[in-house]
Amino acid sequence: QVQLVESGGGSVQAGGSLRLSCAASRSTDSYYCMAWFRRAPEKEREGVAAIASDGGAHYADSVKGRFTISRDNAKNTLYLQINSLKPEDTGMYFCAADEIVECPFSIPPDSEFGHWGQGTQVTVSS
């Protein structure tokens, strides 16, 4: 059973930064694509960033220039550096991974990922 465990969320003021981590229970080398999704209150889950095994990254338009996704396969960990936080960034952030789905051009739909973490809450106050 694959486990993904997120951490690093918290409550911050607008303009602040957070670094989210997602620790995997197995080698992240086995995942072609890993991604971060978020679910804002009363909204559907949306993809914010994805990273391919070759390091190629994709971002939602709303986070470009502020979020940076990275992966450290030696540590079996996925990261999301979030800068210049806005109140609209508030939500539960989930990491996702899959052994089959690839992401050469964009963030795949959440339905394509087979492994999910429990989420870490990010709350941004104005």
Side-chain angles (χ1 to χ4, degrees):
Q1 181 72 20
V2 174
Q3 284 189 319
L4 300 173
V5 180
E6 302 94 335
S7 62
S11 296
V12 298
Q13 290 191 326
S17 298
L18 286 172
R19 188 192 195 202
L20 308 184
S21 298
C22 172
S25 60
R26 60 182 292 184
S27 173
T28 51
D29 279 332
S30 60
Y31 304 130
Y32 285 117
C33 184
M34 300 186 74
W36 287 96
F37 288 78
R38 70 183 177 193
R39 184 170 61 228
E42 300 182 357
K43 291 188 177 181
E44 294 186 355
R45 188 164 57 188
E46 63 171 344
V48 295
I51 186 167
S53 55
D54 65 358
H58 312 287
Y59 299 93
D61 288 343
S62 60
V63 307
K64 281 180 181 176
R66 300 187 298 119
F67 288 21
T68 303
I69 189 172
S70 60
R71 59 194 290 174
D72 186 338
N73 290 337
K75 296 183 178 180
N76 296 331
T77 303
L78 176 72
Y79 300 100
L80 186 68
Q81 178 67 42
I82 309 175
N83 298 326
S84 302
L85 276 158
K86 303 177 180 180
E88 52 263 43
D89 294 320
T90 293
M92 186 71 77
Y93 283 70
F94 302 89
C95 69
D98 198 89
E99 295 89 343
I100 298 175
V101 68
E102 298 184 45
C103 48
F105 306 116
S106 62
I107 304 171
D110 58 357
S111 58
E112 295 194 13
F113 289 91
H115 307 298
W116 291 86
Q118 294 299 307
T120 186
Q121 178 68 33
V122 172
T123 302
V124 185
S125 58
S126 58

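- Linking Ile, Leu, Val, Met, Phe, Trp and Tyr residues whenever their side-chain heavy atoms come within less than 4.5 Å places L18 and L78 in a single cluster.
- When atom types are taken as modelled, the side chain of S25 and the backbone of Q3 share a donor-acceptor pair closer than 3.5 angstrom.
- Hydrophobic clustering, with ILVMFWY side chains joined whenever heavy atoms are under 4.5 angstrom apart, groups L80 together with V12.
- A disulfide bond (SG atoms under 2.5 Å apart) check over residues 75-120, counting only residues at least two apart or in different chains, returns the pairs C22-C95, C33-C103.
- Put simply, the side chain of S62 never gets that close to the backbone of A60: no donor and acceptor are under 3.5 Å apart.
- By the side chain to side chain donor-acceptor pair (under 3.5 Å) test, S84 pairs with no residue at all, sequence neighbours left out.
- Among residues at least two apart or in separate chains, salt bridge (charged side-chain N to carboxylate O under 4.0 Å, His left out) pairs with a member in residues 108-125 are R45-D110.
- Taking the side chain to side chain contact (heavy atoms under 4.5 Å, CB included) definition, one finds that S125 meets it with Q13, sequence neighbours left out.
- L20 and I69 fall within a single hydrophobic cluster, where Ile, Leu, Val, Met, Phe, Trp and Tyr side chains are chained together by heavy-atom contacts under 4.5 Å.
- Applying the ring pair (Phe, Tyr, Trp, His ring centres under 6.0 Å) test to residues at least two apart or on different chains, the pairs with a partner in residues 33-80 are F37-F113, F37-W116.
- F94 and L4 sit in two unconnected hydrophobic clusters of ILVMFWY residues. Membership requires side-chain heavy atoms under 4.5 Å apart, directly or through other members.
- Remark: Q81 engages N83 in a side chain to side chain donor-acceptor pair (under 3.5 Å) (not counting sequence neighbours).
- Atom OG1 of T68 sits about 10.5 Å away from atom CZ of R19, to the nearest 0.5 Å.
- For the side chain to side chain contact (heavy atoms under 4.5 Å, CB included) test, residues two or more places apart in sequence or in another chain that qualify with T28 are A24, Y31, M34, R71, N73, N76.
- Sorted by first then second residue, the salt bridge (charged side-chain N to carboxylate O under 4.0 Å, His left out) pairs that include residues 89-109, not counting sequence neighbours, are R26-E99, R38-D89, R66-D89.
- Hydrophobic cluster membership for F105: none, as no Ile, Leu, Val, Met, Phe, Trp or Tyr side chain comes under 4.5 Å of it.
- Residues satisfying the side chain to side chain donor-acceptor pair (under 3.5 Å) criterion with K64, sequence neighbours excluded, are D61.
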